[in-house]
A.B. asks: 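The following block contains the structure, expressed as structure tokens.
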Protein chains: 2
Amino acid sequence: MSQATKVDASVGARNRAIILTAAEKAFAAQGFKGTSVQQVADQAGLPKTNVLYYFKTKQELYLAVLKETMTLWNSSFDRATVNDDPAEMLADYIAEKMELSRTNPLASKIFAMEIINGAPNLNNYFDEEHSEWMEGRVSIINSWISSGKMQPIDPHYLLFNIWASTQHYADFSIQITRLRGAKMKKADFAEATKHLVTLTLNGCGLDVPEKYRIETR
Amino acid sequence: MSQATKVDASVGARNRAIILTAAEKAFAAQGFKGTSVQQVADQAGLPKTNVLYYFKTKQELYLAVLKETMTLWNSSFDRATVNDDPAEMLADYIAEKMELSRTNPLASKIFAMEIINGAPNLNNYFDEEHSEWMEGRVSIINSWISSGKMQPIDPHYLLFNIWASTQHYADFSIQITRLRGAKMKKADFAEATKHLVTLTLNGCGLDVPEKYRIETR
DNA sequence: TGGCACTATGACTGAATAGTCAGGTTTGAC
DNA sequence: GTCAAACCTGACTATTCAGTCATAGTGCCA
């Protein structure tokens, strides 16, 4: 790669990143239709045409944002095996998902709206990969159950429950803030995580690992 | 009320209802910005101007839909008292919320998008009423705890968890359908409800009432 | 110096769409 | 029959907005 290309690319890469950040914010706050390219441009501090220079269409920009979002979804639970301890794996998974809700609420919101609106931009590839992931996780949880490591429960419902309850803290943050009277801080998330882990693990008849135990005053 | 008014009103009422149903569908699928008055009109089988005759602006139509949605939110849990059995009350509340997700998924989706987008159309009145409701429920759960009827847990997190996990079946129905390979039917909802009740009540150290127990094969 | 690739942008266009308006019809009461 | 109120609608307007285009600047290298 020539020096020229390198430098030019770095300008491009920086602008792309700026635009993606601005777009994420706008799309999360107003959805795809509700966001204008002009708004993204303003947020990014660039002329609209410059945004369209990097991303030919609004759709392409949105897809780029969505794709970046997806890369966040990976977790240690992807690599769980039959030999792992269910309590620890599930607790860590919940904690990871909560940390994502805390640090990347916009990504969660965009994903949520995409699904609510019928997932028109998630292709078959995503569907298949997601289904495979699900199948794998279901079978591992089932083997934990059949080896007596945890109470019988349909793993599908368990996983849905974990997603729902963790993503809720990102997607419904406004409601939560208004009901609590204050925004959730890092410490509040830590507390909420313990509660979620406790609820879920007790729910499956598992012991809560030390570090997730709620201190009773 | 004169006969004329009655008849006229009934035409009006019928059309209003048709329009609201069409609008609910459209708003749930595409959000406020993504829905055009023309689309609602087509869905309702009426000319656009006729829709705007009944609802002066798109915003007014949306607010009417949102308001109808809110009337669904009431539940038996609103009237829980310290003397009630927490296991039964919570189980019934979860079951009611699940039934709402099954029968009124569109309402749930519209509400979810409204919150995700920062609740720009929910007024102070809603906020205050909602906060009061929350305070009341929290204090009842806390008295259940202090009278030893259930394990100590922060009622806020418990309620958030119930909302999240039940509404998930409405809001994320597309994802659930794709992952399961088939749409959730009434029987599947019954099964999911039992799982949710079991997870949640076990989570709080409560016995699951007979009717919600999962049959182990 | 000239050439190339990339970056940048103001001016414009065409389509979509919320909302208006003016005039029309229906319905029931008297 | 006639009046009023409610209902209905085609034609139009004003605005917003995605995307195009023609032109220009920048930085490197041969």
Side-chain angles (χ1 to χ4, degrees), chain A residues 1-27 29-66 110 113 117 120-121, chain B residues 1-27 29-66 110 113 117 120-121:
Chain A
M1 198 193 288
S2 72
Q3 187 60 24
T5 317
K6 230 191 219 159
V7 170
D8 288 348
S10 89
V11 171
R14 210 185 68 244
N15 280 342
R16 260 170 232 275
I18 290 170
I19 293 166
L20 283 173
T21 304
E24 188 187 28
K25 199 166 170 179
F27 285 135
Q30 327 185 68
F32 177 75
K33 280 273 195 169
T35 299
S36 71
V37 178
Q38 187 66 62
Q39 277 169 37
V40 175
D42 290 349
Q43 180 83 44
L46 296 168
K48 186 183 73 157
T49 29
N50 204 358
V51 171
L52 287 168
Y53 167 71
Y54 285 106
F55 301 91
K56 287 196 217 326
T57 65
K58 186 166 91 159
Q59 170 94 354
E60 190 179 313
L61 174 56
Y62 176 74
L63 286 174
V65 172
L66 201 58
I110 289 169
M113 283 200 280
N117 290 338
N121 295 291
Chain B
M1 197 192 291
S2 72
Q3 187 62 25
T5 318
K6 230 192 221 160
V7 170
D8 288 349
S10 89
V11 171
R14 211 184 68 244
N15 279 342
R16 262 171 230 276
I18 290 170
I19 293 167
L20 283 173
T21 304
E24 189 188 27
K25 200 166 168 179
F27 286 135
Q30 326 184 69
F32 177 74
K33 280 274 193 166
T35 298
S36 71
V37 178
Q38 187 64 61
Q39 278 170 37
V40 175
D42 290 348
Q43 179 82 44
L46 296 168
K48 187 183 72 157
T49 26
N50 204 357
V51 172
L52 287 167
Y53 167 71
Y54 286 106
F55 301 92
K56 287 196 216 325
T57 65
K58 188 167 90 158
Q59 170 94 352
E60 188 179 315
L61 174 56
Y62 176 75
L63 286 175
V65 171
L66 201 59
I110 289 169
M113 283 201 281
N117 291 337
N121 295 290

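Everything numeric here is computed off the predicted structure, so don't read it as measured data. Computed from heavy atoms alone, side chains included, the values below leave out hydrogens, waters and symmetry copies. So that the names make sense, note that chain A is the first sequence line, chain B the second, and so on, each numbered from 1.
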A.B. asks: Using side chain to side chain contact (heavy atoms under 4.5 Å, CB included), reason through Gln59(B) and Asn121(B) one step at a time and then give a plain yes or no.
C.D. replies: CA-CA 9 Å; Gln59(B) 170 94 352; Asn121(B) 295 290; 3.1 Å; yes

A.B. asks: For the base of dG19(D), is there a side-chain donor-acceptor partner from Lys48(A) under 3.5 Å away?
C.D. replies: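 Yes.
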
A.B. asks: Is the side chain of Lys58(A) donor-acceptor paired with the backbone N or O of Thr35(A) at a distance under 3.5 Å, no angle test?
C.D. replies: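 Flag set: sc Lys58(A) to bb Thr35(A) pair under 3.5 Å.
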
A.B. asks: Between atom CZ in Arg14(A) and atom P in dT7(C), what is the gap in whole Å?
C.D. replies: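 Arg14(A) atom CZ is separated from dT7(C) atom P by 11 Å.
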
A.B. asks: Is there side-chain contact between Gln43(B) and Lys25(B), with heavy atoms separated by less than 4.5 Å?
C.D. replies: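 Yes, at least one pair of side-chain atoms sits under 4.5 Å.
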
A.B. asks: Please name the residue in the list Val37(A), Val65(A), Leu20(A) that meets the side-chain contact (heavy atoms from CB on, under 4.5 Å) test with Phe55(A).
C.D. replies: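 Only one option passes, and that is Leu20(A).
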
A.B. asks: Output the single nucleotide from dT17(C), dA8(C), dT9(D) whose closest atom is nearest the side chain of Asn15(A).
C.D. replies: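 Selected nucleotide: dA8(C).
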
A.B. asks: Could you work out which one of dA18(D), dT9(C), dT20(C) sits closest to the side chain of Thr49(B)?
C.D. replies: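 Taking heavy atoms from C-beta onward, the closest nucleotide is dT20(C).
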
A.B. asks: Rounded to the Å, how far apart are Ile19(B) CD1 and dT9(D) C1'?
C.D. replies: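 Whole-Å distance recorded here is 13 Å.
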
A.B. asks: Could you state the atom-to-atom distance from CG of Leu61(B) to P of dG19(C) in whole Å?
C.D. replies: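 To the nearest whole Å, that distance equals 10 Å.
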
A.B. asks: Atom CZ of Arg16(B) to atom P of dC8(D): distance rounded to whole Å?
C.D. replies: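 Interatomic distance, CZ of Arg16(B) to P of dC8(D): 10 Å.
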
A.B. asks: Do Arg16(B) and Ile19(B) make a side-chain contact, defined as non-hydrogen atoms from C-beta onward lying under 4.5 Å apart?
C.D. replies: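 Result no, sub-4.5 Å side-chain heavy-atom pair not found.
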
A.B. asks: Write down the distance between CD (Gln38(B)) and C1' (dA15(C)), rounded to a whole number of angstrom.
C.D. replies: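 The distance from CD of Gln38(B) to C1' of dA15(C) comes to 14 Å, rounded to the nearest Å.
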
A.B. asks: Return the value, rounded to whole Å, for the distance between atom CZ of Phe27(B) and atom C1' of dA18(C).
C.D. replies: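 Those two atoms, CZ and C1', are 12 Å apart.
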
A.B. asks: Can you find a side chain N or O atom of Tyr53(B) that sits less than 4.0 Å from OP1 or OP2 on dT20(C)?
C.D. replies: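 Looking at the OP1 and OP2 atoms of dT20(C), neither is under 4.0 Å from any side-chain N or O of Tyr53(B).
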
A.B. asks: Look at Asn50(B) and dG10(D) and indicate whether a side-chain polar atom (N or O) is within less than 4.0 Å of OP1 or OP2.
C.D. replies: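 Asn50(B) to dG10(D) OP1/OP2: no side-chain N or O under 4.0 Å.
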
A.B. asks: Can you measure Lys33(B) atom NZ to dT16(D) atom C1' for me and round it to whole angstrom units?
C.D. replies: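 After rounding, the reported distance stands at 9 Å.
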
A.B. asks: Considering only side-chain heavy atoms of Ser36(B), which listed nucleotide, dT17(C), dT7(C), dT9(C), is closest?
C.D. replies: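 Within the option list, the nearest is dT17(C).
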
A.B. asks: Rounded to the Å, how far apart are Leu52(A) CG and dC21(D) C1'?
C.D. replies: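 One finds 13 Å between C1' of dC21(D) and CG of Leu52(A), rounded.
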
